[in-house]
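Take a look at the structure set out below.
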Amino acid sequence: MSNTLSAPPNASPTDTSFPHLDLSSELARHLTITLGHDFTGDSTDKQNSEYLYQALAITVRDRLVPIWLETWKKTCLSEDRKVYYLSLEFLIGRSLTNAVENLDLDEDVRKALRAYSVGMEEVADKELDAGLGNGGLGRLAACFLDSCANLQLPVVGYGIRYEYGMFHQHIEDGRQVEDPDRWLRDGNPWEIKRPEDTRRVRFYGRTENYYDEHGTLRPRLVDSYDVLAVPFDMPVPGYRNDTVNTLRLWKASTTDVFNLSEFNAGSYPEAVAAKNDAEQISMVLYPNDASENGKELRLKQQYFLVSASLQDVIARWVEQHGEDFSDFGRKNCFQLNDTHPACAVPELMRLLMDEHGLEWDDAWDVVTRCMAYTNHTLLPEALERWSVGLFSRLLPRLLDIIYEINARFLKLVDQQWPGDVAMRREMSLIEEGDNPHIRMAYLAIVGSFSVNGVAGLHTQLLESGLFKHFNTLWPRKFNNKTNGVTQRRWLSHCNPGLRDLLNETIGEGWQKDLTKIKELTPYATDADFRKKWIDVKQENKARLSDLVVAETGVRFDTSFMFDVQVKRIHEYKRQLLNVLHIVHLYDRILRGETAGMVPRCVLIGGKAAPGYHVAKLIVKLINDVAKKVNNHPAANDLLKVVFFPNYRVSSMEVICPATELSEQISTAGKEASGTGNMKFMMNGALTIGTLDGANIEIRENAGAENFFLFGLDAAEVTELKKDYRPNEIIAADEDIVRIMNLLESGHFNPDNPGLFDLLTSGLRNPQDPWVTIADLRAYIDAQAEVGKAYQDVDHWNQMSILNTAGSGWFSSDRTIQQYADDIWDVRPLS
Ligand SMILES: *Cc1c(COP(=O)(O)O)cnc(C)c1O
């Protein structure tokens, strides 16, 4: 570590009243002494803000560390129940500004930076995003940790320290190109390596039976290939509450590079290369959002995370309680973020039985008391299944255990539905066939005491659809926990203008307790307040406009409506529907039918999975349509379109405060919850959306009159699919005929005719799973309503204020309080 504590040698390292110099002196000392930077006083020196970022990060970290050590010690020593949030993804973003605000150091930092003639924003901008996640699922994990720290709950996050996080996206000739994300290139001041807590994770090998010291025949794994898991801890600061929780990320490392006994003297390079092999496990995040993968390395990552984390918790348990596990299930809880860590069920069985001598029934009792599973998707292609063949090679002992879990489970199924062979086959943890697979969601359900969906509709659909038989068997296992986002990052930090306005209007309490935002409601009808509200939005639009022109060269006019859709590119999210509307506006402009048309800047952003051909083609289409529109003189005063490259947490922090219209237009029944929708609502955007995921709850909380609803609901989509005839819908609607003509005539791709045929034929296909054409007319009409509403400035801003005022429910503090009360049964650390 480059950092040194400024502690006198005899000071207790966990003394939170630790003596600090003033922040300016510490910053100066770190800049000069720790980093060896000779500050020239030349403020045009580009290196300065880079060094200042590093020095400031270390300075702020110095303030976190004593509190962090104290919280860790308190958590470990507590006899109350603790929670471990297991997730393959944590989409953290930046840490510096978050820590500064949570420690209330904002003023001190600004004062200290004045000596170097740079602003806080410029320095903060030097931090690379920690992008250890794909999208919503990973960002949720990060918001949850923030809320756990805010609520002072004893929760530890466990994940993987990917050397390469989410890829960087750049656009070349309208197409997505991926670049590796070397986020650790300049070191990471926010992590502390803990080699003393290194764990050993065992792959391959075979199961062998042996007689233990009591003469009992027991199975064990032998001839395994072992990898070390080295933990790196990241701080999770609470909001001004003397709490810093921990996110523990595992890095894979070889067991012993220089153990060459197995190699002859000539194979030294091969022996060293073996190190590489082990370290591959934590090398790169899989860039697939909501899609199944099936690659061996991915399964290795999952097991690596799970085994290291469970061993870590067990080691601390044994240190305190010895080998008595009778209370382990009551005092620990593992929340599985989707099925990615579902190996935790058989792995905890293995550890308890093979390593700690428990019998099956006792071990199963422990496991089913402490595992809880969160489902995140209804898309069948995203339900994880692992081939039995792969499992038997990579994790043979775990497969034995899964078979035994299944055998016992199927007995239960037989008791409930005697003699029903079809039911057995349907519910089995093993999908039979030529190439049998393990159904990870079923494994997670059987092994958990709680199964939750992430929005009201999503949970209903799980209970009545995907998991209906399990719901019949165990109705009390199933529960809903509607997602949320942290208002500290997604309102207070990212929208300082609105933060200040809220503070002067309703006080500061909302930052810790967002239910207080309701107090904003009466101000919707206050003309003076609305004026300030509009000014804040205009400032934010100007800030985004600067970013857009820097990123794309396109100038957004801040008097236009800012219409935004940012999220992963996926067919179910229907960026195509948005494009069809843009083409409709463009078509009207070409025909001079612009009466009543409100000028818009449309921004679309998001990454496509590198192997998802259709999604990448959608990116190309958006770019080609944007180019055509932006270069047409007649469109100049009415429409601008950009594809915003490399959408990530730090760009959302600029985008959501500036957004006026939030596009949440997924096919009903497909988006489990969405959380982008919540960030926009908090920042006063109005939503145009379907009755999908948390949109339903957003509409209820904002008031139906303050939400632009359109399209089929989930039941209607299901019904329509029995007899869907998109070509008839197109033919019957002149506007849609013209839209399709523009797309199919090669108007946007004259040099490459046929390029988008895959997309247009998909829209026309009666089997189109996303029924885009079915919702198009309703969408166009709802967009016209939006335009009309936008022209009534007073009313629009009234609706905008009521959206923010109604957003209290969507704080992840509320979500986490519900997890704590209903699932985890944990209380704040005293
Ligand atoms: C919030 C967020 C998401 C999730 O967006 P959805 O619209 O809910 O899919 C994805 N990526 C980033 C960077 C986010 O901040």
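Start at 1 and go down the list; that is how both ligands and their atoms are numbered. As the structure is a computational prediction, the values presented were derived from the model and not from experiment.
Under a 3.5 Å cut-off, the side chain of Glu671 and the backbone N or O of Asn695 do not form any donor-acceptor pair. The backbone N or O of Lys607 lies less than 3.5 Å from a partner atom in the side chain of Arg568, making a donor-acceptor pair.
By the 6.0 Å and 45° rule, Arg161 stacks over the aromatic ring of Phe232. With a 6.0 Å cutoff to the six-membered ring centre and a 45° limit on the axis angle, Lys295 does not count as a cation-pi contact of Tyr286.
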Between the protein and ligand 1, which nitrogen or oxygen pairs come in under 3.5 Å, and how far apart is each?
from: ligand 1; atom 1: 7 (O); to: Lys567; atom 2: NZ; distance (Å): 2.8
from: ligand 1; atom 1: 8 (O); to: Thr675; atom 2: N; distance (Å): 2.8
from: ligand 1; atom 1: 8 (O); to: Gly676; atom 2: N; distance (Å): 3.0
from: ligand 1; atom 1: 9 (O); to: Lys573; atom 2: NZ; distance (Å): 2.7
from: ligand 1; atom 1: 15 (O); to: Lys679; atom 2: NZ; distance (Å): 2.6

inquiry  = side chain to side chain contact (heavy atoms under 4.5 Å, CB included) for Phe467 and Asn375? Distances and angles first, verdict last.
reply    = CA-CA 11 Å; Phe467 301 150; Asn375 172 282; 3.7 Å; yes
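Remark: Thr339 engages Glu384 in a side-chain hydrogen bond (donor to acceptor under 3.5 Å, both in side chains) (not counting sequence neighbours).
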